[in-house]
Asks: 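After the structure tokens below, expect a handful of questions from me.
Reminder, nothing fancy here: chain letters follow the sequence lines and each chain counts from 1. Just so it is clear, the structure is predicted and the values come from calculations on it, not from any experiment.
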Amino acid sequence: MNNNHQFFSSQLLSWNRDSNQRTMPWKGEKDPYKIWLSEIMLQQTRVEQGRAYYEAFTSKYPTVFDLAAAPDEEVFRLWQGLGYYARCKNMLAAARSIVHDYNGIFPNDYHTITTLKGIGSYTAAAIASFAFNLPYAVLDGNVYRVLARFFGIDTPIDTTEGKKIFSETAQNLLPVNKPAVYNQAIMDFGAVVCKPQQPNCLECPLATKCIAFLTNQVNKLPLKSKKLTVKNRYFFYIVAIYNQQVLIQKRPGKDIWQNLHEFIPVESPEILPAQTILEQSREIVGTVVNGSFTLSPLFKQKLTHQTIHAQFIRLALKSRIQAPQGFQWVPLNSLDNYAFPKIILDYLQNNQLQLL
DNA sequence: AACTCGGGGGA
DNA sequence: TCCCCAGAGTT
């Protein structure tokens with residue numbers, strides 16, 4: 001086994017030195033603040049999707065002081081569309097903690113790094129190794145896949161046992177004298193060669209000792225124990241408009257899209273007529289709303305665990321009503337200042353509310 | 001230990 | 001359609 005470990009690490013580093021063409025804006029970055037930003041943004045997010053956001057954030061907030069001082073709403077607006085919005089909230093909390101608790105200096109030991117909001121074992125290892133060259137092996141989707149295939153590990157990666165096995169294996173493989181280069185190399189290798197689908201096994205420098213390749217299991221590994229269930233949800237949004245203003249709220253509760261804005265929501269287990277939705281909305285609005293309405297087409301947004309169907313009922317009020325608890329009247333031409341979920345952005349793009 | 005959190009891209 | 005992506009926090 002030790003021979004295989006030695007083979008794995010040395011072949012990987014050789015591949016990285018001779019054949020790794022992958023470039024990214026944050027690669028080789030030594031500023032822990034910028035490394036941290038990139039790692040938060042890339043959690044469960046493809047590099048290509050996060051790239052533009054990284055540029056926007058480092059441009060607008062060059063230092064942790066700039067980010068910590070920024071208004072919440074401005075930051076959420078900049079994060080709009082990237083998803084997993086708790087990351088944004090935690091990122092702000094961490095930035096403010098770094099400024100207030102650590103004098104703006106990023107903590108340089110693994111344990112302290114993990115105490116920051118939104119930083120788990122992966123992100124802490126990434127920051128510790130890339131910024132401070134500390135010997136902590138990263139364990140992300142790439143690493144799970146590469147290790148599962150090369151060592152033929154069929155323990156599901158989404159179990160406690162699996163996490164323990166892969167974590168220990170990853171740490172054992174890490175050359176303690178070059179953690180930064182090695183961590184970057186194994187993730188690049190997983191993204192470029194040992195890809196989820198159609199990996200380049202014929203050009204792979206590890207193939208001669210890769211258990212999955214030798215036993216024809218490449219497309220089976222890594223294993224997961226859980227199967228995904230997706231449920232349908234139907235959101236009806238009352239877009240209540242009066243005098244070029246519209247009612248919105250910051251989405252409350254523990255559901256999806258925390259901290260993003262929305263119109264008056266009426267959720268239903270099935271599609272209902274607009275008239276029925278308007279009647280139900282009176283409980284939320286607290287009064288009988290009057291006016292003519294226009295029904296939008298049905299919009300659809302696929303999330304990991306649910307498919308959202310949304311229909312918008314644009315309601316031209318005859319008189320101004322008091323904003324319900326939690327809601328506010330905002331000018332239609334100021335909606336750009338607020339962060340909205342993708343499905344509402346789709347509606348806004350198609351409906352030109354400002355022309356009303 | 002199981003759930004939940006977005007949105008996009010590739011086959 | 002289904003799976004996966006530089007995971008983390010909550011229940």
Asks: Using a 6.0 Å cut-off, check whether atom NZ of A:K89 has over 12 heavy atoms from anything other than its own residue.
Replies: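 Atom NZ in A:K89 is not packed in, count stays at 12 or less.
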Asks: Counting Watson-Crick and G-U wobble pairs whose two distances are both under 3.5 Å, find the runs of 3 or more in a row that involve DNA chain B.
Replies: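 In DNA chain B, stems of three or more pairs: B:1-5 with C:7-11, B:7-11 with C:1-5.
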Asks: Please collect all side-chain hydrogen bond (donor to acceptor under 3.5 Å, both in side chains) contacts where either partner lies in residues 50-60 of chain A, sequence neighbours excluded, each pair once.
Replies: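 Pairs touching residues 50-60 of chain A that pass the test: A:E48-A:R51.
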Asks: Roughly how far apart are A:T169 OG1 and A:Y144 OH, rounded to 0.5 Å?
Replies: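 Those atoms lie 10.5 Å apart.
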Asks: Is a side-chain donor or acceptor of A:Q245 paired with a backbone partner of A:A240 at a separation under 3.5 angstrom?
Replies: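 Absent.
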Asks: Can you give each donor-acceptor pair under 3.5 Å made by side-chain atoms of residues 203-224 of chain A, sequence neighbours left out, with the distance rounded to 0.1 Å?
Replies:
residue	atom	partner	partner atom	Å
A:T215	OG1	A:I211	O	2.7
A:T215	OG1	A:Q217	NE2	2.8

Asks: List the atom pairs, donor and acceptor, that lie under 3.5 Å between side-chain atoms in residues 114-122 of chain A and the rest of the protein, sequence neighbours left out.
Replies:
residue	atom	partner	partner atom	Å
A:T114	OG1	A:H111	O	2.5
A:T115	OG1	A:T112	O	2.5
A:Y122	OH	A:E39	OE1	2.7

Asks: What residues from residues 111-132 of chain A pass a heavy-atom cutoff of under 4.0 Å to DNA chain B?
Replies: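 The stretch gives none, as no residue of it lies under 4.0 Å from the strand.
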Asks: Give the first and the last nucleotide of DNA chain C, reading 5' to 3', that has any atom under 4.0 Å from a heavy atom of chain A.
Replies: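 Contact span on the strand: C:dC4 to C:dT11.
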Asks: Do A:D18 and A:S14 get their side chains close enough for a donor-acceptor pair, meaning under 3.5 Å?
Replies: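 There is no such pair (donor and acceptor under 3.5 Å, judged by atom type) between the side chains of A:D18 and A:S14.
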Asks: Between A:K226, A:K227, A:K163, which is the residue that forms a salt bridge (charged side-chain N to carboxylate O under 4.0 Å, His left out) with A:D158?
Replies: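 Of A:K226, A:K227, A:K163, salt bridge (charged side-chain N to carboxylate O under 4.0 Å, His left out) with A:D158 is met by A:K226 alone.
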Asks: Pairs in or reaching into residues 304-335 of chain A: which pass ring pair (Phe, Tyr, Trp, His ring centres under 6.0 Å), with residues at least two apart or in two chains?
Replies: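 Pairs touching residues 304-335 of chain A that pass the test: A:Y234-A:H309, A:Y237-A:F312, A:F299-A:F312, A:F312-A:Y347.
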Asks: Check A:R233 with A:D255, please: is the shortest side-chain N to carboxylate O separation under 4.0 Å?
Replies: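 Counted as a salt bridge, because a side-chain N and a carboxylate O are separated by less than 4.0 Å.
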Asks: Under 6.0 Å from the NZ atom of A:K300, do we count more than 12 heavy atoms belonging to anything else shown?
Replies: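 Incorrect, the count does not exceed 12.
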Asks: Hey, can you pull the residues of residues 24-38 of chain A with a non-hydrogen atom under 4.0 angstrom from DNA chain C?
Replies: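 Contacts with DNA chain C under 4.0 Å: A:M24, A:W26.
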Asks: Taking A:Q244 for the side chain and A:P331 for the main chain, is one N or O donor matched with an acceptor at less than 3.5 Å?
Replies: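 Such a contact is absent between A:Q244 side chain and A:P331 backbone.
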Asks: Hydrogens and angles aside, do A:D66 and A:T63 bring a side-chain donor and acceptor to less than 3.5 Å of each other?
Replies: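 The criterion, which ignores hydrogens and geometry beyond distance, is satisfied for A:T63 and A:D66.
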Asks: Is the closest side-chain donor-acceptor distance between A:R145 and A:N142 under 3.5 Å?
Replies: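 The answer is yes; a qualifying pair exists.
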Asks: Sticking with atom C1', work out how far B:dG6 lies from C:dC3, rounded to a whole angstrom.
Replies: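 It comes out at 15 Å once rounded to the nearest Å.
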Asks: Going through the distances and angles, do A:Y338 and A:Q328 end up as a side chain to side chain contact (heavy atoms under 4.5 Å, CB included)?
Replies: CA-CA 12 Å; A:Y338 302 90; A:Q328 57 178 322; 4.0 Å; yes
Asks: Near DNA chain B, under 4.0 Å by heavy atom, which residues of residues 73-96 of chain A?
Replies: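 Residues of residues 73-96 of chain A that come under 4.0 Å of DNA chain B are, in numerical order, A:G81, A:L82, A:G83, A:Y84, A:Y85.
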Asks: Report the C-alpha separation of A:I127 and A:F132 in whole Å, then their side-chain angles, then the decisive distance to 0.1 Å, and conclude whether the side chain to side chain contact (heavy atoms under 4.5 Å, CB included) test is met.
Replies: CA-CA 7 Å; A:I127 296 171; A:F132 306 114; 4.2 Å; yes
Asks: Would you measure the distance from the C1' atom in B:dC5 across to the matching atom in C:dC5 and give it in whole Å?
Replies: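 About 14 Å, rounded to a whole number of Å.
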Asks: Expressed in angstrom and rounded to an integer, what is the separation of A:Q258 atom CD from B:dC5 atom C1'?
Replies: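 Result: 9 Å.
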Asks: Output yes when a side-chain donor or acceptor of A:D31 lies under 3.5 Å from a complementary backbone atom of A:Y33, and no otherwise.
Replies: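 Answer holds: yes.
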Asks: Donor-acceptor pair, distance only, cut-off 3.5 Å: does the side chain of A:Q80 make one with the backbone of A:F340?
Replies: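 It does hold such a pair.
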Asks: Within residues 44-58 of chain A, which residues have any heavy atom lying less than 4.0 Å from an atom of DNA chain B?
Replies: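 Per residue number, the list reads A:Q44, A:T45, A:R46, A:Q49.
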Asks: Considering only atom P, compute the distance from B:dG8 to C:dA8 and round it to an integer number of Å.
Replies: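 Roughly 22 Å separates the two P atoms.
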Asks: Identify, with sequence neighbours excluded, every residue that meets ring-ring contact (aromatic ring centres under 6.0 Å, His included) alongside A:Y136.
Replies: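 Partners of A:Y136 under the ring-ring contact (aromatic ring centres under 6.0 Å, His included) test: A:Y110.
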Asks: I'd like to know if the side chain of A:R314 and the backbone of A:S296 have a donor-acceptor N/O pair within less than 3.5 Å.
Replies: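 Flag not set: sc A:R314 to bb A:S296 has no pair under 3.5 Å.
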Asks: What's touching nucleotides 1-4 of chain B from the protein side, N or O pairs under 3.5 Å?
Replies:
residue	atom	partner	partner atom	Å
B:dA1	OP2	A:T160	OG1	2.0

